[in-house]
Each structure stands twice: as structure tokens, then as C-alpha cells.
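We name chains A, B, ... by the order of the sequence lines, and we start the count at 1 in each one. Any value given below was found using the heavy atoms of this structure, including those in side chains, with hydrogens, waters and symmetry copies removed.
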Amino acid sequence: AADDDTIRIGFISPRTGPLASFGKTDGFVLTQARQALANGMTVGGKHYQVEIIDRDSQSDPARASQLAKELINQDVDLMLAISTPEVINPVADASEAAGIPFMSTVMPWEAWYYGRGAKPGEESPFKWTYHFGFGAGEFYKTYISQWSLIDTNKKVGVMYPNDADGNAIRAVLAPRLAKAGYTVIDPGAYETGTSDFSSQIALFKREGVDIINSFPIPPDFAAFWRQSAQQGLHRQIKIIQIAKTGLFPSDIEVLGSLGPKIASAAYWHKTFPYTSPLTGLSGEQLADMWETETGEQWTQQLGATLSLLDAGTEALKQANDPLSRTAVRDAISQLNVTTIGGQVDFTSGPVPNVASGPIIGAQWVKGTGQFKLDYVITENVTDPNVPVTHKLLQYNTK
Amino acid sequence: MILTPYSQLQATGIHKSFGSVQVLNGIDFSMDTNDAIGIVGPNGAGKSTLLSVLSGAQAPTSGQITLNNKDITRIPARERAKQGLVRTHQIPKPFSGITVFENVFVAAIHSATSSRETAYDIALESIKLCGMLPLANREADSIGLLDRKRLELARALATQPKLLFLDEIGGGLTDAEALQLVDTILTLRERGIGIVWIEHIVHILLRVVKTLICMDSGQIIAQGHPDDVMSNKQVMKAYMGGTDHAVGE
Amino acid sequence: MLSVSNLDVRYGQFRAVQGVSMEIAKGDVVSLIGANGAGKSTLLRAIAGALPIHSGRLLFKQQEITNTSSSSRVQQGLSLVPEGRRLFSDMTVEENLLLGSTVKRSGDWNIERIFSTFPNLVKRRHAKTGNLSGGEQQATAIGRALMSNPDFLILDEVSLGLSPLVVNQVYDSMESLKDAGTTILLVEQDLERAMRFSKRTICMLEGRVVLDKLTSDTNKEEITQAYFGLHQSSKQEVS
Amino acid sequence: MMNSLVQAILLGGYYALVACGLAFMFQVMRIINLAHGSLAILSAYLVWEITDALALSPFVSVLMILPIMAIIGLLLQRVILERATKGGELLPVLTTFGLAIVIDNLLFQQFGANTRSLSPYLGDLSWESYEIFGLWIGKLPVIVLITAIVVIGGLDLILRFTPLGRQIRATAFDPDTAGLVGIDARKIAGISAAIAMMTVAISGTALGLRGTFDAYAGGPQLLFAFEATIIGGASSLWGVFLGGIILAIAQSIGALIHPQGFLLGGHFMFLIFLFARIYFNRDVFTLKHWFAKRNKGEITA
Amino acid sequence: MKIKRSNAYSKVTLYVVAAVFIALILLPSFASNNVMERLTVLFIYIIMAAMWNTLAGFGGLISIGQQLFFGLGAYATIRITNMAISPFVALLIAACLVGLLSWPISTFMLRLKAGEFAIGMWVLASIGHLLVNLDPLIQGETGISLIALNQYAIESRRLLIYFAALVSMSGLLLGLFYLLRSKAGIAMQAIRDNEEAADSIGVDAEKVKKWFFIFAAFGTALAGALWLAQASSFQPKTYFSVQWTAYMIFMVLVGGLGRFEGAILGALLFFVVETWFAATGVWYLVGLGAVAMLCSLFFPKGIWGVIETRLSITLIPVGYQVTGLKPDSHSKNK
Ligand SMILES: Nc1ncnc2c1ncn2[C@@H]1O[C@H](COP(=O)(O)OP(=O)(O)OP(=O)(O)O)[C@@H](O)[C@H]1O
Ligand SMILES: Nc1ncnc2c1ncn2[C@@H]1O[C@H](COP(=O)(O)OP(=O)(O)OP(=O)(O)O)[C@@H](O)[C@H]1O
Ligand SMILES: [Mg+2]
Ligand SMILES: [Mg+2]
């Protein structure tokens, strides 16, 4: 950075546009982080001011890429990006190109790593960019664990779209499920924006699947599930397991009476038993603060965003010189800390540049408090520290 | 201007229908560069349609058209234009977004291909001949109806036609203006351009044409020396409505 | 019936009509004559409300109409057959005519009477006007204006594109309008015809009125003289 | 197979309903309205607001929205379209495109990122169905289909056989001349826009009932609507109904051939229709007249 | 009487353009990275605006599907680079290939009229998008990054992309200038105004339109390839987004449709607005929409159109002017 005692952190997320529900809580979390950093931080005995420069990608990858360049040219020392490939990948590429240390979370790491051109078995082509969080492997473990909670015929109908997440999951998850004794009924990748799913529904009915596993964007899922109900499929399904949609309460509320008992998986939950090294807040505290401040229900994005800021600031603290790009990069590559979202460990990732993170089995149930729905944890293989609070309910029972 | 060589057009058995409406009903027509032919006939007789078919804007339902003994029935208007067969439109179709000069220039440079300099000269001369020089730099969008008709003529001239088809370019002119138009057309005649002229103002038509054709209901009902045609009973009935006040004034 | 005072109409900076004044009484039949570009159409369109008036005043039946809309002028009984017909080309002849009776004014023009006045239209009744021959279109345009039973009919280039037979028919039917007391203002380039038909002749030159006389008080020469100046100045000004 | 066909027809009804406001503007008013989708979302939000606030059925709230949207249509005409249409066929494209961006983002500003749906307010009706001969026919899609028939049929009758319809068509074709004929062009144009917006209100409601929406959901609806409109052709508004159904069937066939063929199927069908029209039956089908230049500068044929 | 194709202003413009070009060539030696990157983006915007203007402004072909070529340009670059060809060579090959592909496309699409053409192109772009999604290399919507670029050092890479964009822009604008002043240029405008009449005087409308279409496709593809070069990640959804065409429409209409200067001015304005206001998020977008709307309502000929009529100046004349006439109160710019 230009003047010697200010560390600049760039932070890019989707605050407006179609992905805005991911970025909704970012303003709040950033305020917490800025408060915590108001007095700067001390690294290697030297005191620095810390400035977080946040930008809104407007859900537009082209814009994300431009913003990344703008921030790079403002001499940020560390770049952070969060939520979905549309935001993360362009920023990661720009950072890689410019040689700026970069960290991101909240997208399957396979789509991050392979999606940006890395080849399996080859050396990592990335020198500056790092990502932490769940991948298809975690989904596999979670699903096996979650689905064994209810007695089924082990026939799974899958709905994987032709997009980053869908493809990554299909490649890794489907063969492993088959190996674990599940019959995978895959109608094939469908195109996002499809508005009629009769052929898939017919197939699932014909095959008599008990479980449905899907990765669609929210509008597609709403269309699919309502149509399934119209065609009577919902009466045969014991577990409807969704990902990518159903992350936030509003996604499920719109389904009305079809919403409760849909199973989901969370990359963060307010009952995670960790505190944020940056703000000192626990998950419950963070969620409560949000709810009292805005009157809206907490979302898992609260913890995810804070965990990225946690990991980022920890890396800066551990760098020999937080203003040296190589030093920060080296610190990230050696990073092994506990954030509000759990452990982030780049020393033992599944591939270089990646640290895996948890995805916890959960379920949407009728709300008991002030909100229409509650989000409860039903299993915890990927992070046993997280307490299981509820039993998984079968979808097609009253 | 360049001397136009001899050219001969022949059409036989031309039929044209739009859906169930039979508009041309077996027309035989021939002309060459020495001809000056007038066409009259009641509204809707098919005169303009005949021009469209001859110039290639519309294909006949059946029949054959030859130019210098080569079959041109199926070749498009732009090819015919290059071979010297050009028409004006009854309802003017100017290129409204460009200037009058540019309207004419584009015709000059795209027909009997010439160098840019020659095209300039041809375009300017055509404009002058039609008395439109003062308007040369005006956007065609802003000129009045009669100027548009003149523009049609200027543009057609700039293609250096051998056979020129005029569709009601004299309507709405005052007598003095009409006489001027007649002068212009006679000039063209002198240059050896064959003319077909559709016009309802018969007395100005008769100052130019040597042959008159009268059409009705898609057929030629009379053809020959203007005086003979105009005194033909059928023509009187179908076209003039019994009185002859418009003739020969 | 119509009083025009000091009318100015402009296209941008260009004054197409300059300081024109005229009075037209009920039952008058006036022809407006002038060379190509004199501003006749512009004047008529301004009177009908299709062009905004830059300055000056218009009174119709003693009421100020300078700034009223064209449709309200039709409602008051002032109707224009525009130059170039301006039909609704993707509608049929019948529909075009019916549109003419949008304002319900009483009178004896109706669709059947139009068809008997222009028998050449009968066969094309349900054809789209875009596909009609030029003359059929002109007839439809006149018919459409008549459908509103106007007290004051303005016709721009009435006989343009019509065959002599139809021109006669049109004038015949206008004779009956004349007899019924309809006021008529028309642009007709056939001077003979215009003089025979009208009681008064107004001549325009470069946007100005240069002659306004009862037809009986003037002659062909005088009128030709009146716009001849234009030829001197506009046609031979260059080269 | 049979089931797919039935579902496709139901879906087609929905497309037709969504497209009919667009088709009305495209065919009759000669405006390519790129804000169609956004306006539909706007009405969906309005319906949602009223439904939520007054605890009404969405079917009732849509009735309350109709006059609001009609007024919006009137304003739209007076403030925007009136000027835009004077400048040729391209200007409305840009203006409505600008409008779409403004609406989307204002909606976002107002309602935030949450996805919404009207279906919860219908209770189970949103997914209940009739079971006939082993076919499952959703109640809601049937309602949508019938609404489409009623709306399109009604509009078609008005346009074709009433003086108002004639005046609407004439005004759209050439407002200046319409004035000379005695039509109060501004009033009529306002009425057309109001009618168009009322159909948009209905399509917005259908959209909200059938699935979810958020502030930016308008765009994707637009392309389907355009496809249905153009497949349907220019002859009458019924075309758009057929267009919607053909589009939906093509999509289903596409999906049967290849799972990713749903959208492709529809798109290819669209192109096939366009070209078939050009090659086989030029005179009957061409759309030349839709955009036959307004008489401005061109003396009407 | 003489025909003039230039005027006092245009001669000055010539010198200014030359000076600006030289300045832009020298610029990298003292400008900051940010300036260079932003200028690269500006050059790409100018290309896109000029290409859309070529089609719509001079040819009357309004396409809402130019993102087809933009996306294909980028996609082809990825594909070609994947064959171990230098990305900078790939840029050019890609644009040429897309230009080639646009030839059969034009044969079909140019038969469509007005609204059908516009929407047809949009649908075609959508088809292009879906088909590209099927390529295993692209991995569906996941996309891929042009990591081959990482072989260049960051500084030289920035410089190369800058020059690539500068040269492409200058080349395309120059080409466009000559095209418009040529026989084909005036013919295209005639076709735009009335195709039937153009045909009747011997203009081969089909051929002229085809060349314009291909030229615009080539230019737009080059813009897409350049965009990829400077952004490195390729996601089909982004590159085939209708938003690119929306930007083009915005730039051209705000700048001045059918005016050579208009497209450039529009691109500049859009760029400035984006640079200054984009950070305001929602309100920037609302503002952008509102500007587009207001501009189209109040300056339908675009800002350049206003300048042109108010001040009667043309900087880059492509028309013909007859001199030596008596002045006519009406004529366009003297
Ligand atoms: N495209 C078309 N579709 C249907 N009918 C048409 C078409 N073009 C012309 N017609 C009809 O063909 C007949 C002949 O038209 P045409 O224009 O040739 O007449 P015309 O002799 O030139 O008449 P006018 O003297 O009035 O110009 C008319 O009845 C007209 O309505
Ligand atoms: N839309 C327009 N924009 C600019 N100038 C125009 C426009 N319409 C007409 N003019 C000009 O206004 C003048 C008067 O035109 P107008 O049409 O009123 O003449 P006119 O007497 O009716 O002639 P004509 O006999 O040709 O119909 C002409 O110089 C014409 O070029
Ligand atoms: Mg004719
Ligand atoms: Mg006139």
C-alpha cells in the first residue's frame, strides 16, 4: 500500500442484482468488522490502520472483473470475494493475473478450481488465489449421513443443472452415491431457466424414487416442486434434499405449504460453536444482533461473510509484512485458523489452494418463534462440533 | 451525357394476380428505344402493376419478358436497372435519410458502373435537368410531394436508362410546370431514351407520346395513334366517361 | 365561416406560410392555386390542425380554434382530405370509411352513399387500402372525409392520380355538396377545372397570398401571372 | 407422452397470457416494449402487497390492481410513449429498455432481494390437481389457460369488431391522420396503453402465482413472450395463443430429445416458423405491415 | 458546382485524431496501470458502439442479438488458445472465424424484417449460448478462464492488451470510415430508407447488407475476444448476455444514431458515467435507465445530433455536399 501504515482489503460481493439475497447481510457484517478494526491491528510489532474497501458486483461477472481491477489499482493488499462463481471466479482471475493475494468462500471448490482451468492431476496453475469451503466430497458425506436417517428404497432422483455447481456435483457425487448403494436416476443436466419439468417428473414417478436431490436456482426449484406437486410426485417423496436454493428463508416461504420439511445443507448455522477471532462474536450473538437490528430472520450468509473476513485478517496478522504481497500470500498458504465458520486449513486441502469446509445437514420446519420457518440441524458428519438439535422429518408424512 | 444504344423490350402473355384478384390478364407489349408510349386507363386497371412487372419489382404469374431477345422474366429489378430498364414510382419512394444529391448519386454510381467523378457529373446533370439543383443539399425527408416526384425522375435518370418507365409524374403540376416537365422528357427523347409514361392528365401526355395504350381490367383495350385511341368508343366509355374536356387543351 | 388572420407556419426556421389572411364565408367554394412548394398544403394542414401554428389566429364559426386539436376541428365540422391520401393502409376500404364517421355528425353521407359515388370502390370494399391502385386510394380518402358530414371540406390535390372519369364523378358529387351548402376549399392544379368549379380563387406564391378574387373577376392569364414570378426566381436561379 | 403434451398445452396457455400484453403493443400499437417483463413484475409486486396487507385472495387483489395499472398505462403513454413513437420505431425500444432498468432497480430498492410468490396465498390450490384418466392436470394451470383464452378472445373481439378497436388500430398506425379523421388520438392512445397494462397486470399475477419472482425476474420472461408473439404471427391476437402453445410443445419435445433441449427446442421452433413463413407463404405471413413506416416522411401507399 | 466531402472542421479533426492516436501510443510510458486498463475498456466500448451503429444507424438493421458475436468471439478465443496458440494470435483468428460464420447466418437473418430481425437475432444469441454450454471444455455455465495469459508477466500483458485494443479500435474505425464513404456506404443508407427503391435503381441490397453484417460481426467478435483478454474468465452467461447489446444501444442512441461521431461520443459518455457513478449501485442503474429514457425522449438524434444541428458541424463527414449553389434557407450543414 502507498502510505506505510494502512492495510487495504478489497471485498467484492453481490449486493444488488439477481444474487442480492447473498449480499443482503454484507453491509451489516462489514460494519461489525470495521468496528473491530477501528483501531487498526498490530502485526509483527508494527501498528497498521486497516481499511476495507467493499464493492457491489451487481451480480454481474463482467462488473466484478472490472471492480477487481479497480481495487487492484487502488493497491489493495488482500482481495476477498464471496458468494457464487459469478462473483468469485472473475475476481479470482483478475487477482491471479495481477499478482494480488486473494481468498474466497461460498461456492463448491471444484467449480472454483477446475472451473478456472486447473486440470486434475496437474500442478496447480494458481499462485495467488485461495478458496475455502465445501465441495462435492462434503456433500457426499452429508447426504449419505442425512439420508440414512430415514428408511428409504435408496432410489435418488437427481436434478443437476448445467451450471458450475451442477456439473461439479454430477461429476463427483453421482458415482460415489452409486458406490454407496444408491440408485441414481439422472434425467440429465437441464438448462437453467427451464419452465416445464414434466419429463423429469414422469421419470421419477416411473422409477418410484424416494429421495430427490436437486441443485437448481431458486426460481427453477419453485417451478419444479410446484409442478411435482401438481402431478402428485410429492406424495411419494420421503426426502427432498435441496442445495443452492433454500439457503435463505424467503426461498422456502414462497413455497407455501410445500415448504416445510424440505431438507437442506448449511455452510453455516447460528449454532456453530465458534467465535469470530476478528469481532469476538459467537454465532448466536451475530444472528441475534442482526435480528434485533433489522427485524429480519438470520441467514447462513452472516457467518460465511464473517468467516471470510476472519480468515483474511488472520492471514494478514500471520504475514511477516502485511504490506508485502508475497508475504501475505505465503501466510495464506500456511493458514490454519478457526473462524466463526469453523476451521480453515490450507495446509491439508484436497487440492492445492483449497481448504475444505463443512456443509451440515439441516431441514426447514414450521417456525416456533417469530418467523414462519425455522432452520434446524439434523446431522453433522462434516463438522462433529456442531450440535445436532433435531430429528430429520419425513417429507410425505403429515 | 452518354449516348444510349438501341434496346428492345418484349413482353408476351403477361398475367399477374394477387391471390384471387386478377390484375393483369394477358398483356402483350413491345417497345424499343425509339418509342414514346403513353398508357392511360381507369384507376385500378393495372397500369402500375404492368410497370412493376416489366421493371422487375414484381414477378408475373405467367408470361415472358425479353430484353434484346434475352429472357429477363426472372431476373431481379437491380439487374434490369443495370441493363438500362428503370422505373419511377407512382408513390414516390425517396431515400429519406440522405440528401437529394445523395439520392441521385447512389443511383448514378450503382448502375452502369462509372468512376466516382463521372457519377458526380451524371448525378448533377440529372438533378439540373429536373430543376432540383436548389434542393440538392436538402434531406429528402423535408421536400414536398411534387419535389419527391421530380426526385424519382432524377434518380431514375442518373442510372442512365435506355428504357424509362414513368408512373404519374405529372399529376398535381400547374400548367406551366407541366410544360416544363414535357420539355424535360422531350430532351430525354432526343437523347434516345425510350419512354413509357402513365398519366391521367392526357393533354400533357399527348405532347410527348407517339403511341397510346389504354388499359382496362388488366387488358389492353386499345393501342395505336393517340388520336385513334382517344376517339375509340370503349376508351371513351371506360376512361373518359363520355366527356372529352381533358383532351387536347 | 373560417377566418384566417396573419398566419405563420414554420418548419424549423423555414417559414412555409407567411402572414396569410383570408375570410371564407359559409357556402363559399374556393380554389387555392400555386406552384409546387408555394405552401398550399402547409396552409391547409395548419387549418385542419395537423401542423402547429407559429403565429396568427384561426376562427371557425366564430370560435377560436388556433390551438385546438385536429379531432375537435373535425367535430366542429372541418374536414381535410390530405395530400398523399394518408389512408390506414393495413385496414380495409370499409374500415377506413367507418373511421371517417368517428365523430357522429348528422348528415346524409353514409357508407352506401360513398360507394354509389365511387362505384369503383365497391368491388374493393374488403381489400386493404395499401394494395389499392392510386386512384382507388384517392377515392377512399375523399369518402373518408365525407363520412364526417363536414360543413367545411378541404381537399388537397383532389384529382391527383384519378382518371378523368373518376374526376368527373368526384366533381359531380362535389356539386351536390356545393348545392347542399357545404363550404369547400380545394387545391386543384387543373386551372380550367378549378375556375369552372369555384366561385373564388386564391393564389399563393412563396408562402404568401398574392391574389384573392372572385373567379368571375379574374382570368387564366392573371392567375398564371400571379405565380409566374416563382418560376423566374426558383427554377432558373441556378446553373 | 400424452402427459407431456397436456402439460405443454397448459404451459403454453401461461406463455400466451404472459405474452398477450406484449403482443397487443407489438401488433396493434407497433411498439417493441422491452419493459414488458418489468411491468409484469411490478404488477406482481402490487398484487403481492395488497394480498399481504389486506389478507385477500390474489384473485381479488388483481381486480384492485387493474385500475392502478390502467392509470400507469395512461401515464406511460402520456409521459413516455407519446414522445417516443414520434421518433420512429427504434426509439420506443430504447425508451422502454431504459424504463425496464429503472423499474427493476426501483423495485429492488423498494422490495429488496427476497424472492416472492403469490402462490402461498392460494393455499393448496397452487399445487392441487385433477386426476383424469391417469393424467394429472393442475388446477392453477387450468385457471391460467382459461384466463388466457378469455383475455385474448376479449381483446380480439374488441379490436376487430368495435369502433374503439378500429380507432385503436388507426391511431397506432398514424396518429396525425387519425386526428384528421376526428379521432382524439391522445385519448385513444391512452386507452390502448391502459388496456395493454391491464393485461400486463393479469400476466404479472399469473407469473407470481405460477412461480417465484424478484425485482430482476422480468427479463427472462421477455424472450418467451416475444417468441410466442412472433410465432403467432400478425394476423390476430389468437396467433399469440397458438404461438404460446406451439412454443411450449416445442420445448417439451426438445426436452424429450435431450435434457438440455428444453430452451433450444423452443428457440429452434421459433426460427423454423420464421423461415417457413418466408419461404412458403410470403404474402400471407410477412410482417412488413407491422412496421410499415409510419407515414412520417413517406406518403402512404 | 463541385462535390465536397470534407470541410474546415474535418480537416482539423484529422490532425486532432492523428495527435490523439500518437498520444495513445506514447501513453503507456507514463500513464498509471489504472488509466491503461480503463482506456482498454473504453476502446472496447467504442468498438462495440461503432459496430452496432454500423448496422442500425447506417443499415437500419436493429439487432438485439449482437451478444452472439461478442460471446462467440470470446468462446472461439478460448477454443483456439486451448490448441496451444498464443492468446493474442487467437484473438484475431477468433474474430475472423466468427466473421466467417456470420456469412451463412446473414443469408438467413437478413431475410427477416424489422422487429423479426431484432428478436430473431436475440433468439439466435440465446441458441449460441446454449450450444456453447454443451462444449465440455466450457463445462456448462461454469465457464473457464484464459489462464494461458498467465504466462505473460503482468506488466507486459497489460501493455499487449492495451495495444491490441488500441490497434483493433483504430483499424475498425478507419475501416468503417472508408466503408461508409465508399459506394457501399451510400448504398447501405439507401437500402435502409427504402429497399425496394434501392433495388429498382440497381443496388444489390442483399450483397451490401451482407457485407455490413459481416463487418459488424467481425468487429463485435473482436470486442468480445478483447474483453476476454482483459477479464480472463469466460462464463457463457456473461458473454452471451443481452446486456452487451443493451450497452451498445445505450451508447449509440445517447451519442447519436447514424452518425459516425455519435457512436464514439456515446461510448465516451457511457464510460465516464460508468467510471463516476457505477459505485452507487442501484441508483447508478436507475440513473442509466433514466438517462437512456430521457435522451431518447428529448434528443432523439442523440447528443451529437443536437450538436450537429445547433452548430452545423460535422467532424467526420461521410456524406456528399454540393457546393456553389445559391444558399437555400433549408439545407443541412453548409
Ligand atoms: N399487392 C397487391 N395486392 C392485392 N391487390 C393489388 C396489389 N397491388 C395492386 N393490386 C390491385 O391491382 C389493381 C391494379 O393496380 P394498379 O396499381 O396497377 O392500378 P393502376 O392502373 O396503376 O391504377 P391508378 O391509375 O389508380 O394508379 C388494383 O385494383 C389494385 O387494388
Ligand atoms: N416536413 C417538412 N419539413 C421541412 N420543409 C417542408 C416540409 N414539408 C414541406 N416543406 C417545405 O415547405 C414548402 C411548402 O410546401 P407545401 O407542401 O406546403 O407546398 P405546396 O404548395 O403544397 O406544394 P405542392 O404543390 O408540391 O404540394 C416547400 O418549400 C417544402 O419544401
Ligand atoms: Mg398506378
Ligand atoms: Mg401540396
Side-chain angles (χ1 to χ4, degrees), chain A residues 14-25 58-59 159-162 186-203 205 217-234 245 248-259 296 372, chain D residues 1 3-8 10-12 14-15 104-105 108-109 112-124 126-131 135-141 208-217 219-221 223-224 248 251-252 254-256 258-264:
Chain A
R15 306 277 287 273
T16 55
L19 301 172
S21 51
F22 283 93
K24 187 167 88 174
T25 52
Q58 294 165 6
S59 303
M159 290 280 294
Y160 301 148
N162 183 30
D186 185 357
Y190 67 93
E191 205 59 62
T192 292
T194 301
S195 40
D196 179 83
F197 295 95
S198 332
S199 59
Q200 285 93 339
I201 293 170
L203 179 69
K205 278 168 78 174
I217 59 170
D220 285 0
F221 178 71
F224 165 71
W225 197 233
R226 189 162 300 122
Q227 219 182 354
S228 301
Q230 277 166 3
Q231 304 190 24
L233 176 65
H234 70 308
T245 181
F248 310 116
S250 65
D251 297 341
I252 299 297
E253 280 167 22
V254 298
L255 290 168
S257 60
L258 295 174
E296 293 192 50
K372 283 185 190 154
Chain D
M1 243 343 268
N3 184 50
S4 292
L5 191 68
V6 171
Q7 301 303 328
L10 291 173
L11 178 65
Y14 166 71
Y15 284 157
D104 285 357
N105 289 287
F108 177 80
Q109 188 65 29
N114 287 352
T115 44
R116 302 246 155 80
S117 173
L118 294 173
S119 56
Y121 302 96
L122 284 184
D124 297 344
S126 73
W127 53 268
E128 269 174 332
S129 51
Y130 307 103
E131 197 183 350
L135 290 176
W136 295 80
I137 299 176
K139 289 182 183 171
L140 185 60
L209 286 174
R210 190 180 185 279
T212 59
F213 59 92
D214 59 47
Y216 299 99
Q221 303 299 322
L223 193 55
F224 290 151
Q251 290 178 336
S252 308
L256 284 181
H258 189 279
Q260 270 161 263
F262 184 82
L263 296 174
L264 276 177

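Between D/R210 and A/R226, every side-chain heavy-atom pair lies at or beyond the 4.5 Å cut-off. Side-chain contact between D/W136 and A/I201 is absent, with no heavy atoms from C-beta onward closer than 4.5 Å. A 4.5 Å side-chain heavy-atom check between A/Q231 and D/S129 finds every atom pair outside the cut-off. Side-chain contact between D/Y130 and A/Q230 is absent, with no heavy atoms from C-beta onward closer than 4.5 Å.
Of the atoms belonging to A/D196, heavy atoms from both backbone and side chain fall under 4.5 Å from chain D. If you measure heavy-atom distances from A/F248 to chain D, you find no contacts under 4.5 Å at all. Using a 4.5 Å cut-off between heavy atoms, A/E253 contacts chain D through its backbone alone, with no side-chain atom that close. Interface remark: D/E128 contributes backbone atoms only to the contact with chain A (heavy atom separation under 4.5 Å). For a residue to count as touching a neighbouring chain, one of its non-hydrogen atoms must lie under 4.5 Å from one of that chain's; by this rule D/F224 touches chain A with the side chain only. Heavy atoms closer than 4.5 Å to chain A are found nowhere in D/Y14, neither backbone nor side chain.
Environment of NZ in A/K372: sparse, with no more than 12 heavy atoms of neighbouring residues, nucleotides or ligands closer than 6.0 Å.
Here D/S119 is the residue among D/G138, D/A255, D/S119 with the most heavy-atom pairs under 4.5 Å with chain A. When each of A/G259, A/G232, A/S59 is scored by its heavy-atom pairs under 4.5 Å with chain D, the top score falls to A/G232. Comparing A/G256, A/P249, A/A189 by heavy-atom pairs within less than 4.5 Å of chain D, the highest count is held by A/A189. If you tally non-hydrogen atom pairs under 4.5 Å between each of A/Q227, A/R15, A/H234 and chain D, the highest count goes to A/H234.
Residue D/D124 holds its CG atom at 7.5 Å from CG of A/L258, rounded to the nearest 0.5 Å. Interatomic distance, A/S199 OG to D/Q251 CD, rounded to the nearest 0.5 Å: 11.5 Å. D/L263 CG to A/Y190 OH: the interatomic distance, rounded to the nearest 0.5 Å, is 11.5 Å. Between atom CG of residue D/D104 and atom OG1 of residue A/T16 there is a gap of 11.5 Å, rounded to the nearest 0.5 Å.
For the residue pair D/W127 / A/S228, no side-chain donor-acceptor distance below 3.5 Å is found, with atom types taken as modelled. For the residue pair D/R116 and A/S250, no side-chain donor N or O sits within less than 3.5 Å of a side-chain acceptor on the partner.
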